[in-house]
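Heads up: the structure comes next, in structure tokens.
Please read these numbers as outputs of a predicted model, since none were measured by experiment. Every chain is numbered from 1, with letters handed out A, B, ... down the list of sequences. Below, all heavy atoms of this structure are taken into account, side chains as well, without hydrogens, waters or symmetry copies.
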Amino acid sequence: MLPVITVLQQATAKAIYTHYNVEISPSDIQIQETRKDFEGDYTIVIFPLTKHKLGSPPQIAETLGTLLKESVPFVQSCSVVQGFLNLTFENNFWKEFIVSHQGIDLSHSFFSPDEGKGKKILVEFCSPNTNKPLHLGHLRNLMLGESVVRMYQSLGYRSIACCLYNDRGIAICKSMYAWQKQFQGITPDSESYAGKGDKLIGDCYVAFSRILEAEVKLLTEEKGMTKEEAEKNAPCMIAINEMLIQWENGDPAIRELWATMNGWVYKANNRIYERLNIHFEKFYFESDLYESGRDIAYEALEKNIFTKREDGAIGIDLTSEKLDFKVLVRSNGTTVYMTQDLGTADQKYDDFQQEKSVYVVGNEQEYHFKVLFLILKKLNRAYAEGLFHLSYGMVNLPTGKMKSREGTTVEAEDLMDEVIAVAKENTIELGKTEGMNEKEIDALSTILGLGALKYFLLKVDPAKNMLFDPKESVDLHGHTGPFIQYAYTRTASVKREAVNRNIAPLAMMDKVEEIMHESEKNLIKSLYKYPSVLRDAANTYNPALLANYAYEVAKDYNRFYHDCKILMADKPYLSAARFAISNLTGQTLKKCLDILGIDVPERM
RNA sequence: GACCUCGUAGCUCAGUUGGAUAGAGCAACUGCCUUCUAAGCAGUAGGUCACAGGUUCGAAUCCUGUCGGGGUCACCA
């Protein structure tokens with residue numbers, strides 16, 4: 001079944017051709033949903049056609065309206081308001097949609113079109129350092145990445161979630177050094193850490209900053225050094241640089257400490273991924289890949305794609321692209337961050353031969369990825385066309401920016417615990433927990449709390465910076481995850497109740513005039529849009545589109561629920577129709593939330 | 001300084017490739033549970049779409065400039 005908009009575009013283009021003998025591409029016909037204050041379902045915008053000299057807008061609209069009524073079976077009537085041709089569909093069109101989709105589950109092609117079948121997409125996200133705990137920013141990243149994975153899965157793609165650990169380098173050495181100095185013998189299992197190795201590492205990292213501060217203070221005050229000199233010459237800085245060299249030389253003791261401490265972070269992060277219901281299929285490690293681009297650089301130099309500067313540095317001149325000369329191998333022979341990215345990109349393609357490859361990384365790295373993708377294109381990589389940087393904005397707090405050095409970060413897991421606790425409080429307060437045991441209450445609170453948090457992060461356009469208000473993020477009313485979850489539980493409740501009432505399926509011969517209450521029709525129209533919303537959201541890598549759509553459906557359902565008796569309607573066919581609509585709503589909401597990584601309860 | 005990006009109701013955000021009278025939620029006020037879950041529904045109030053020009057049948061949307069927020073401009077990651 002073609003989407004209505006496509007059908008109408010084609011029919012309109014054809015009508016214009018037969019009547020005016022003017023050829024217009026169907027995709028140039030502007031069609032939109034009719035605004036609420038006007039009569040109609042879809043509207044053709046006539047103004048753009050005036051440039052083909054077909055007459056005045058009202059004339060064209062009248063003519064096309066008449067022709068469309070004849071050629072498109074489901075167009076019942078039309079009205080012309082200025083340059084807009086409003087089309088009203090036969091109620092049968094909407095009923096047909098409900099009849100043919102009643103009782104479908106999430107594996108139905110309506111929810112899971114297979115247009116991406118045989119294609120692969122790789123999504124890299126989270127990409128944490130191993131020297132501090134995941135924070136609020138990572139949560140936004142995680143939710144975006146996971147949603148993109150699931151959107152493409154729903155389109156039939158083989159969708160692969162991967163995560164690149166930045167597990168080596170000077171920052172890691174800082175935590176290691178501080179542990180040696182101040183945390184000897186302390187492990188995640190020590191009393192104050194309750195198994196949370198990421199917190200221990202984070203504390204080490206902060207401790208290093210303190211050590212450095214103290215040493216710098218000493219050097220500036222007693223030896224009269226400048227701040228820069230002091231930072232360079234502080235004993236702890238000398239020590240970590242030494243440590244980095246030892247690491248690179250494979251010093252067993254250093255490597256062992258490194259592996260142990262990273263292990264603490266992996267364990268903690270894995271627990272968080274698990275709690276968020278996020279599953280990475282593949283982990284990459286910087287420690288395996290950090291030199292992997294060097295060969296590519298030399299190879300490119302041979303092919304004259306890269307050049308050697310007078311000072312010996314190898315890189316690529318991008319001034320013709322209005323960018324700078326980008327160094328990829330330093331004059332001392334070492335590689336830079338982007339060199340590693342070249343190697344990693346090849347590695348990914350070797351592993352998966354994907355058509356599309358997405359990097360979910362904050363917008364501060366836009367320039368980096370612009371250059372990286374351009375270089376890969378110039379290197380003629382087969383996968384270069386499928387690269388996409390899903391760039392997202394910062395998450396700010398009401399108190400200002402998060403800064404790890406100032407301790408104003410919000411740690412991911414603390415936040416998760418908090419939203420769950422608040423959800424629990426609210427649930428109990430509302431008296432919704434009657435008949436539930438403690439375990440069930442906790443399970444529900446988790447679904448609601450995390451649902452609120454996840455939805456809060458996903459409803460905002462990824463491109464934009466957002467403000468994270470902790471109070472708002474645990475809200476259960478209004479434009480929130482729990483609001484949508486609640487609408488779902490209503491559909492579930494109706495379904496349970498239906499068993500007692502012998503609701504027959506809706507049949508095509510059932511009367512239609514009466515089943516088109518306004519709030520009923522609005523809901524059906526919203527449900528109908530699901531596949532095109534999914535496509536838009538996937539094509540633009542924007543889960544917010546789906547998040548806002550789910551809210552719209554939930555709102556429409558709540559109005560429908562309020563206005564129309566579902567199981568207790570006057571006529572059996574009314575109940576049948578409404579029950580079918582209710583069920584399709586339930587599945588749609590469940591599917592949308594699932595793509596957003598949000599669970600639904602069956603009652604709340 | 002150069003480049004990128006954002007600026008919509010008191011606050012947080014929607015607003016399709018330019019289309020009709022710019023929409024939600026929160027906060028405030030008012031109604032609605034004897035009925036499938038009121039974590040809901042309905043209503044009131046709230047706007048110079050930062051500002052100034054331009055493009056055109058038509059601009060929150062496109063162009064130019066100004067102001068303001070954020071970001072990036074490494075042989076850092």
Side-chain angles (χ1 to χ4, degrees), chain A residues 27-28 30 32-38 43 45-48 50-51 57 81-84 86 129 166 169-171 286 309 311-315 322-338 340 362-368 370 391 393-394 396 398 401 423 426-427 429-430 432 448 456 459-461 463-469 471-472 475-480 482-483 485-487 489-498 500-501 519 532-533 536 540 544-545 547-548 551-552 555 557-559 561-569 575 578-579 582 603-604:
Chain A
S27 58
D28 287 341
Q30 275 190 45
Q32 58 191 247
E33 289 165 50
T34 303
R35 287 182 62 108
K36 289 221 160 38
D37 351 301
F38 295 90
T43 294
V45 186
I46 301 297
F47 295 106
T50 54
K51 65 175 172 229
V81 182
Q82 297 168 43
F84 299 92
N86 298 324
N129 296 321
N166 297 113
I170 201 77
E286 189 190 347
R309 233 165 35 180
D311 59 6
I314 297 170
K322 290 186 178 171
L323 303 168
D324 299 325
F325 186 89
K326 177 66 194 173
V327 171
L328 290 140
V329 179
R330 297 184 184 108
S331 42
N332 68 6
T334 56
T335 58
V336 300
Y337 185 64
M338 193 175 296
Q340 170 191 323
N363 61 9
E364 72 274 11
Q365 293 203 37
E366 269 169 17
Y367 181 81
H368 174 83
K370 197 172 170 186
S391 162
M394 314 241 111
N396 296 313
K401 276 182 72 166
N426 285 321
T427 303
E429 203 173 294
L430 282 169
K432 300 276 183 179
L448 297 181
F456 190 84
K459 71 175 173 182
V460 180
D461 185 343
K464 293 188 177 174
N465 290 349
M466 65 177 289
L467 187 86
F468 186 86
D469 184 342
K471 258 187 278 167
E472 228 178 288
D475 201 344
L476 310 174
H477 306 276
H479 190 182
T480 66
F483 176 92
Q485 289 169 320
Y486 179 68
T489 60
R490 280 181 147 180
T491 70
S493 166
V494 167
K495 203 170 177 178
R496 282 191 299 271
E497 181 64 22
N500 305 326
R501 293 178 190 259
S519 50
S532 69
V533 174
D536 277 1
T540 55
L545 296 180
N548 286 305
Y551 174 63
E552 186 186 323
K555 220 167 30 153
Y557 182 78
N558 279 335
R559 187 143 75 93
Y561 185 93
H562 178 267
D563 292 351
C564 305
K565 288 178 179 170
I566 300 173
L567 303 175
M568 292 181 290
S575 281
R578 290 173 181 168
F579 184 49
S582 179
R603 48 184 103 216
M604 63 186 273

Kindly compute the distance separating CZ (A/F325) from CZ (A/R309), expressed to the nearest 0.5 Å.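 That separation rounds to 5.0 Å.
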Are [X] and [N] stacked, counting the six-membered base ring, centres under 5.5 Å, planes under 30°?
X      : N     : answer
A/F84  : B/G19 : no
A/F483 : B/A39 : no
A/Y551 : B/A24 : no

Closest-nucleotide ordering on RNA chain B, the 5'-leading residue of A/K464 and A/V329: A/K464
Tell me which of A/L467 and A/T34 sits closer to the 5' end of RNA chain B, going by the nucleotide each one is nearest to.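 Comparing both residues, the 5'-ward one is A/L467.
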Closest approach to the side chain of [X], judged atom by atom: which nucleotide of [options] is it?
X      : options             : result
A/H479 : B/G25, B/G15, B/G19 : B/G25
A/N548 : B/A14, B/G40, B/U35 : B/A14
A/Y486 : B/G40, B/U72, B/C26 : B/G40
A/T427 : B/A39, B/A22, B/G40 : B/A39
A/F38  : B/A20, B/A14, B/A38 : B/A20
A/D536 : B/A39, B/C36, B/U16 : B/U16
A/K555 : B/C41, B/C36, B/A39 : B/C41

Separation of [N] [atom2] from [X] [atom1] (nearest whole Å):
X      : N     : atom1 : atom2 : result
A/M338 : B/A74 : CE    : P     : 12 Å
A/D324 : B/C3  : CG    : C1'   : 10 Å
A/H477 : B/A27 : NE2   : P     : 8 Å
A/M394 : B/U5  : CE    : C1'   : 12 Å

Partner lookup for [N], please. Criteria are Watson-Crick or G-U wobble with both distances under 3.5 angstrom; report none if nothing qualifies.
N     : value
B/A42 : B/U30
B/C36 : none
B/U72 : B/A2
B/G65 : B/C51
B/A9  : none
B/C57 : B/G19

Whether the side chain of A/N465 engages the backbone of A/M394 through a donor-acceptor N/O pair (distance < 3.5 Å, no angle test) should be reported. yes
Quick one: does A/T43 reach the base of B/A20 with a side-chain donor-acceptor pair under 3.5 Å? yes
Can you find a donor-acceptor pair, distance only, under 3.5 Å between A/N558 side chain and B/A38 base? no
Between [N] and [M], how far is it from one [atom1] atom to the other, in whole Å?
N     : M     : atom1 : value
B/G23 : B/G46 : P     : 14 Å
B/A50 : B/A60 : C1'   : 12 Å
B/A59 : B/U16 : P     : 16 Å
B/A22 : B/A39 : P     : 34 Å

Identify whether the distance between the nearest side-chain nitrogen and carboxylate oxygen of A/R501 and A/E497 falls below 4.0 Å.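 Result for this pair is yes, salt bridge flagged.
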Considering residues, nucleotides and ligands other than A/R559, do more than 12 of their heavy atoms fall under 6.0 Å from its CZ? yes
Please tell me if the side chains of A/V494 and A/R578 come closer than 4.5 Å, counting only heavy atoms from C-beta onward.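 A/V494 vs A/R578: side chains apart.
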A/S582 and A/Y557: side-chain hydrogen bond (donor to acceptor under 3.5 Å, both in side chains), yes or no, with the steps? CA-CA 8 Å; A/S582 179; A/Y557 182 78; 2.8 Å; yes
Give me the ring orientation class for A/F468 and A/F456: parallel if the planes are under 30° apart, tilted from 30 to 60°, perpendicular past 60°.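 It falls in the perpendicular class, over 60°.
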